[in-house]
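Worksheet: the structure to be examined is printed underneath.
Just so it is clear: chains get the letters A, B, ... in the order the sequence lines come, proteins before strands, and each one is counted from 1.
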Amino acid sequence: MTPKILLLPILLPAVLAVVLLLLPRTLRLLRDILAVAGAAVLLYYGFVLFSAKDLRLSVPWLGMGIDFDLRLYHFSSFILLALAGFLILIAVYATVKMKDAPRSGEFMAYVFLTAAFANGAVLSNNFVPLVFFWEGLLVTLYGLITIGGRPTSGRTAVKAVLISGFCDFAMILGIGLLWTVTGTLTMSEVSVEPTGLAAVAFVMMMIGAAGKAGAMPFHTWIPDAAVDAPVTFMAFLPAAFEKLLGIYLLARVALDFFKLRPGSGLSILLMVVGAVTIVLAVLMALIQKDLKRLLSYHAVSQVGYMVLGIGTAVPFGIAGGIFHMINHAMYKSGLFLSAGSVEHRTGTTDLKKLGGLRREMPLTAFGFVVCALAISGVWPLNGFVSKEMVFHGALETGYTVFAIAAWVGAIFTFASFLKAGHAVFFGERSLEVPKVRESQPAIVVPVLVLAALCITFGVYNKLPLTVFIQPILEGHAEAGAHLDFTSHALDIFNPVALISIGCLVLAFLIHRLGFLKFGRKAYMASALIQNLPGMRQAYDLAERRVFDPYEQGVKVLQGLSTVLFKAVDRPIDFFFEKIVTVSGEKFTGILRKAHNGHYANYLAWCLAGLIILAGVIGLLAK
Amino acid sequence: MNVETIVLLTVLVPIAGSFATPLAGLVAGRVRSVWAILVGGVTAVLPLTLVPFALQGGELVIRKSLALGLDFVLIVDPLSVFMAGVSSFVGFLIVIYSVGYVHHDENQNEYYLMVLLFIGSMMGLVFSGNLIFLYLFWEIIAIACWRLIGFYREPAHVRKADKAFLMTFFGAVVMLLGFVQIYGLTNTFDITAMRGTVLPGSAVLLILFGMFSKSTTVPLHTWLPDAGVAPSTVTALLHAAVLVKIGVYAFARLFIYTFRLPDGWQEAIPILVMVSALVAAGAAAVENDLKRILAYSTISQIGYIFLGFSMMNAAGISGSLLFILMHGLAKAGLFLCAGIVIHAVHTKDIREMGGLIKTMPVTAVAFLVCAFSVIGIPPFGGFFSKFLVILATVQAGHAWLAAVALFTAVLTMYYLFKVFSLVFLGEARHPAPERTKSMVFVVALLAVLSLAAGLFVAYPMKLVNIATTQMSWWLR
């Protein structure tokens, strides 16, 4: 196999994107066929490349050590395969879901362009192509969100791009620092101790990676996009692609580029980011009254587990974080797609208006329930396994507080999914929505495929763990210790798992109590937590975006700009416009007055001149 | 044709052609337009024929002896070929666009004369190897610029034109003092004869004054936003192709290729230019006049170009050279899009526009693409230049300046997206279609070029790298 094949996952979707963009609307069928076929080819090559393992393609590019360097190895081939898998599901789903949407051709094109950039970013083995592909995602991010077509879509798109752009720029700074420290831009050659300048580089690159994955505080565009962007986009980017990319890079940063040590300050920093993200985002998710917004906050909260897992710097925790990444992409994508299925038929995702849909949409309901149980960490689904691994890893570092935060997150995750599932699919059939049918196969099949994968990866967890995850950790200085999945019992009978199950029982009780107390309305179940003293005020502030760093950041930008403009720019202009011109006019005015035509006056000038001349000559003569 | 003939033609064709424009105007307006495009096209093609010569790292000095030791010296090297190619090419596109833009206006003879003279003197300046001729072309450009800014002849416009002329003229005269001081040191105005001289600090200050006034760096910048009263074609010419690039080009030619800077200035210049970039970006975020915003954006980007050059390392110099190309394409695109919009809605206030993407889709997309490029988002060309400049800044040990530069990039993103949202998205206030085909064609072409320059960046980069190696002889 020639290394040139590495260009295929980049060029094929890019070319396809251009074709899809140029196809007229009337050729919709051709567009859909092309999209699905293209995605299928990519998936096929995903498998081919996964079996090929090591390949490298390096061509000179910009000089100065900046080569167009692509490298395929077990980690990148795994992500590549996962990306291709999600791409085909989204492409199939979009053929029906985006059928009547305006700019649907553009949607497909941007999806494939995103795939091209994402594949390029994963394959890059030089930081410059990495940033090129990574930051290129901003373009499609902007395009995809604006397709939502709501009045606020443009605003949300700008918000998403500004936040992501900020993170990308931080990463650029980190790469620059890393280049200065190591003297090379080739990723496979970089491995430094994170001290001094390198520690700053680590934090900067961490911001880039965690920001892409949507960790706090770089998450606030995601809930907004849940409302303003198409739901297919949510299943595609924030749920799947961005998590895969962000966590891939974070794992590379923590494992390869820097030697992150357990218990070091940077490891604790990562764990704090993870723990805070888990708890705060899940508390926000709990009170949401709209299914898509609720899911979007979970998309943030779950990143916390991945960041926490990788932040432990313990092999088991890192493996858990990476495993959680792929698991999350499956069930969160599945959840968004089933929410989209509900929206497709009922026209709404408002929890208040929905209810009892399980009879009319049994397959969607089944998919949703499996994915919801998986995300809640119910045995034996995949979420249970990866969360257990993260708990074990967190405990292994000795900082129990992080494990506790993760458990708190688990309680409210399950509580909020009990609420969501109860409100949409169970309970009494609401009267606000007319009778509906199950969605078309193209919508239901992707949901069911993802649900099936959730079950497979849970029940046969040894398979993905040994095939996908374990090779990633081999050969790393710190994480080199051979992973022994049997020493950590990943089944149901061990103390850690029992605590987790206890959390689930607690969540059930909270939901039940809230349900009974607030008029037997499922969507009101979270009011129990919301009405706790202090919580209501905090929630109110959060809803008013007081805690949104973007809103505050924009205010800072505006304030700073105004200060720079009023205090620096305008005074300078005032100097040239007023002081220079006025003093010039004054000066010429004096001269003009001097020329008044009186003979005596001119004579006086001549005399004065003579005296000055004489004085000067006298001085020079001495 | 040998290299010498091509270079002489590159300078003489547009200058001679400019003075022949009124003659063509006597025949018919159409003939004049064709003539202008023809001259612009020939000027754009000629430097491109020198590219193979430059790619071999060739360097040629042409010397015509004149009286008083003021030899007419032309330097043909990768740097001058690159700069001439970029300027004349962008200038040519603007001439094509002009045909649609000014065809209702009076004084078209003068317009085309000045535009071609503008491009011609730029060619002269770029190839000049003599400080006095550099100064002469510098001032001819100022005169052309003065006539063009006040093109609409309204009293307020003429005052702004005077301001631009006076400020750049004043800066140039101060610079001339610096040249005189250098003459005192070296007894020559010939650049090739004084390579490697370490400049005294006072001469650096005097010359920087000229560069900063022409390349609009705080605190000598406010004439540029005011010059927005000119026709959009002229502003595009000032910002993208000719005027503001003179200062940065002179910086590269004098402070990198020729002289060595004293130590203190190597530390001070990056800070000065970064303050300028930040202040201008702040001002751009506050302004509401479309052309003033874009003008401040130019000032801000010029700061990056200076920053890269002043890092004095390979990545910085290459990045800044590339920046001249990328910014030229993207900023020309933005101004010409603004021209289409202003032509159609008859206001410059972005708060009074909106929803134009429905009626002007091509312009909107072109604007967005050029904005992405100016911000520095891949796959568009501007990414590489800004990225290299920032990498070079970090590499040279100025991590804090790099952080400021990145913050400025965030600010750039903020105000350009604000402009795009207000002008093209939302409620349509003054729905107006894109009218003239040639104008829309040019902005679309510039957008495509911005994209192509990013995708095929390796090609311009080849020339840029050769220019860098050849300029930074002291690094070898």
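- Residue contact with chain B, scored on non-hydrogen atoms closer than 4.5 Å, involves the backbone and the side chain of A:Val139 alike.
- In this structure, B:Leu391 and A:Met64 have side chains that are not in contact, with every pair of non-hydrogen atoms separated by 4.5 Å or more.
- B:Phe82 CZ: more than 12 foreign heavy atoms inside a 6.0 Å radius.
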Could you walk me through whether A:Phe132 and B:Phe387 satisfy the side chain to side chain contact (heavy atoms under 4.5 Å, CB included) test, starting with their C-alpha distance in whole Å, then the side-chain angles of each, then the deciding distance to 0.1 Å, before giving a yes or no? CA-CA 10 Å; A:Phe132 175 78; B:Phe387 183 66; over 6 Å; no
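- Proximity of B:Met413 to A:Phe166: side-chain heavy atoms (C-beta onward) are nowhere separated by under 4.5 Å.
- Taking CZ of B:Phe383 as the start and CG of A:Leu138 as the end, the distance is 10.5 Å to the nearest 0.5 Å.
- Of all heavy-atom pairs between A:Leu560 and B:Phe407, the closest is CD2-CE2, 3.4 Å.
- Of the listed residues B:Ala402, B:Ala285, B:Ala409, B:Ala399, the one with more heavy-atom pairs under 4.5 angstrom with chain A than any other is B:Ala409.
- By the 4.5 Å heavy-atom criterion applied to side chains, B:Pro379 and A:Phe117 are counted as neighbours.
- Neither the backbone nor the side chain of A:Val563 has a heavy atom closer than 4.5 Å to any heavy atom of chain B.
- Side-chain atoms of B:Leu166 and A:Phe576, non-hydrogen and from C-beta on, never get closer than 4.5 Å to each other.
- Using a 4.5 Å heavy-atom threshold, the side chains of B:Leu388 and A:Ile66 count as touching.
- Looking at A:Val580, there are no atoms closer than 4.5 Å to chain B (heavy atoms on both sides), in backbone or side chain.
- Each of A:Val181, A:Leu197, A:Val568, A:Leu557 has some count of heavy-atom pairs under 4.5 Å with chain B, and the biggest count is that of A:Leu557.
- In terms of non-hydrogen atom pairs under 4.5 Å with chain A, the most contact-rich of B:Leu322, B:Ile377, B:Leu368 is B:Ile377.
- Chosen from B:Ile390, B:Leu406, B:Val275, the residue pairing most often with chain A at heavy-atom distances under 4.5 Å is B:Leu406.
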Compile a table of inter-chain donor-acceptor pairs under 3.5 Å between chain A and chain B, counting both main-chain and side-chain atoms.
| residue | atom | partner | partner atom | Å |
| --- | --- | --- | --- | --- |
| A:Leu62 | O | B:Asn465 | ND2 | 2.9 |
| A:Gln558 | NE2 | B:Tyr414 | OH | 2.9 |
| A:Asp569 | OD1 | B:His221 | NE2 | 2.5 |
| A:Asp569 | OD1 | B:Tyr296 | OH | 3.1 |
| A:Asp569 | OD2 | B:Tyr296 | OH | 2.6 |
| A:Arg570 | NH2 | B:Tyr296 | OH | 2.8 |
| A:Asp573 | OD1 | B:Lys163 | NZ | 2.6 |
| A:Asp573 | OD1 | B:Thr222 | OG1 | 2.9 |
| A:Glu577 | OE2 | B:Lys163 | NZ | 2.7 |

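- Heavy-atom distances place no part of A:Val200 under 4.5 Å from chain B, backbone and side chain included.
- Annotation: maximal heavy-atom pairing with chain A below 4.5 Å, among B:Val457, B:Ile375, B:Leu220, B:Val218, occurs at B:Val457.
- Across A:Leu173 and B:Ala403, no two heavy atoms sit closer than the pair CD2-CB, 4.0 Å.
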